[in-house]
Amino acid sequence: MNAETIESHHIVMSMTPSSDCRFFASWLQKVAEAGEFLSQAMGMSKFANLIRSMHMFAPPDIQAAAVEVLCALRTDKEWPFHTSNDGCAMAVGLDQADNFQFGIEIAVLVQLGFFTLVDGRYHMSVPEAVTPELVQAALLKVASTQVDDTGAQPQCLLHSMPEAEAEAKAMSLRNAA
């Protein structure tokens, strides 16, 4: 993948700037349910083979990805506790080598409704329902982006943009919070 292509595959992720523990608890509980259904699916040979074909190091760990996003969105490097700037938005590169697995996990979370596209950014949301069938369908949808032997291409399912544009959008959202 050339540098121009990699530079074009960034998304903006956001969340409410308030500290709404009930929302976060509900969101994380639903992610945990989806993670359990994903683990169950991985016990099925159809899905285990699918993961191998996507050239992933390990099965998607959507629970770890969700916690990483929540922590990253809540972090203010200058004021880590009770900050007045709640972070609330960040730009994320999807297909650099160190983010490849994360991009797939985010695509699965988006397919399940944990992030909703709003004004060009993926905003945290709690899906109404998470079922084994929905998790399997999300995994199949992400796997369907595979091209040849390069593995899944989650950016094909996501609203991505060049890095500079994503960084500017995230900065604008942080400043507006």
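Quantities reported herein were computed from a predicted structural model and do not represent experimental measurements. Side chains included, hydrogens not; waters and symmetry mates left out as well; all remaining heavy atoms used.
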Q. L117 and M15: same hydrophobic cluster, using ILVMFWY side-chain contacts below 4.5 Å?
A. yes

Q: Might you point out which heavy atoms bring A170 and A91 nearest each other, and give the distance in Å?
A: CB-N, 3.8 Å

Q) Given M44 and Q136, is the side-chain contact (heavy atoms from CB on, under 4.5 Å) satisfied, shown in steps? A) CA-CA 11 Å; M44 303 163 66; Q136 292 172 16; 3.8 Å; yes

Q: Measure the spacing between NE2 of H10 and CE of M90 and express it to the nearest 0.5 Å.
A: 12.0 Å

Q: List in chain and number order the residues that pass side chain to side chain contact (heavy atoms under 4.5 Å, CB included) with E133, two or more places apart in sequence or in another chain; answer none if no residue qualifies.
A: T131

Q) Excluding sequence neighbours, so at least two apart, what forms side chain to side chain contact (heavy atoms under 4.5 Å, CB included) with E165? A) M161, P162

Q) F23 and V118: same hydrophobic cluster, using ILVMFWY side-chain contacts below 4.5 Å? A) no

(Q) Give me the atom names and distance for the closest heavy-atom approach of F37 to V130. (A) CE1-O, 3.3 Å

Q: Report yes or no: does K169 contribute a side-chain atom to a donor-acceptor pair with the main-chain N or O of A164 at less than 3.5 Å?
A: no

Q. For residues 22-36, which residue pairs qualify under side chain to side chain donor-acceptor pair (under 3.5 Å), counting only residues two or more places apart or in two chains?
A. none

Q) Looking only at heavy atoms, what is the nearest atom pair of A65 and E105, with distance? A) CB-OE1, 3.6 Å

Q | Which atom of S14 lies closest to which atom of L173, heavy atoms considered | A | CB-CD1, 4.5 Å

Q) Would V31 end up clustered with V67 when hydrophobic side chains under 4.5 Å apart are linked, directly or stepwise? A) yes

Q | Check: L28 and L70 side chains under 4.5 Å, non-hydrogen atoms | A | yes

Q. Nearest heavy-atom pair of T145 and C156: which atoms, and what distance?
A. CG2-CB, 4.1 Å

Q | Contacts of S125 that satisfy side chain to side chain contact (heavy atoms under 4.5 Å, CB included) - sequence neighbours left out | A | T116

Q) Could you go step by step and tell me if M42 and L139 meet the side-chain contact (heavy atoms from CB on, under 4.5 Å) rule? A) CA-CA 10 Å; M42 297 316 305; L139 191 57; 4.2 Å; yes

Q: Could you grab the distance from atom CD1 of I106 to atom CZ of F114, nearest 0.5 Å is fine?
A: 11.0 Å

Q. Residues two or more places apart in sequence or in another chain: which of them pass side chain to side chain contact (heavy atoms under 4.5 Å, CB included) with A107?
A. V142, P154, L158

Q: Please lay out, stage by stage, how F102 and E68 fare under the test side-chain contact (heavy atoms from CB on, under 4.5 Å).
A: CA-CA 10 Å; F102 184 74; E68 288 171 4; 3.7 Å; yes

Q | Spatial distance of atom CG (D61) from atom OG (S39) [nearest 0.5 Å] | A | 8.0 Å

Q.
Tell me the closest heavy-atom pair linking V92 and M13, and the distance in Å.
A. CG2-SD, 3.8 Å

Q) What residues form a ring pair (Phe, Tyr, Trp, His ring centres under 6.0 Å) with Y122, not counting sequence neighbours? A) none

Q | NE2 on H159 to CD1 on I11, rounded to 0.5 Å | A | 10.0 Å

Q: Starting at NE2 of H9, measure out to CD of Q153 and round the result to the nearest 0.5 Å.
A: 8.0 Å

(Q) Just verifying a value: how many Å separate L112 CG and K141 NZ, rounded to the nearest 0.5 Å? (A) 12.0 Å

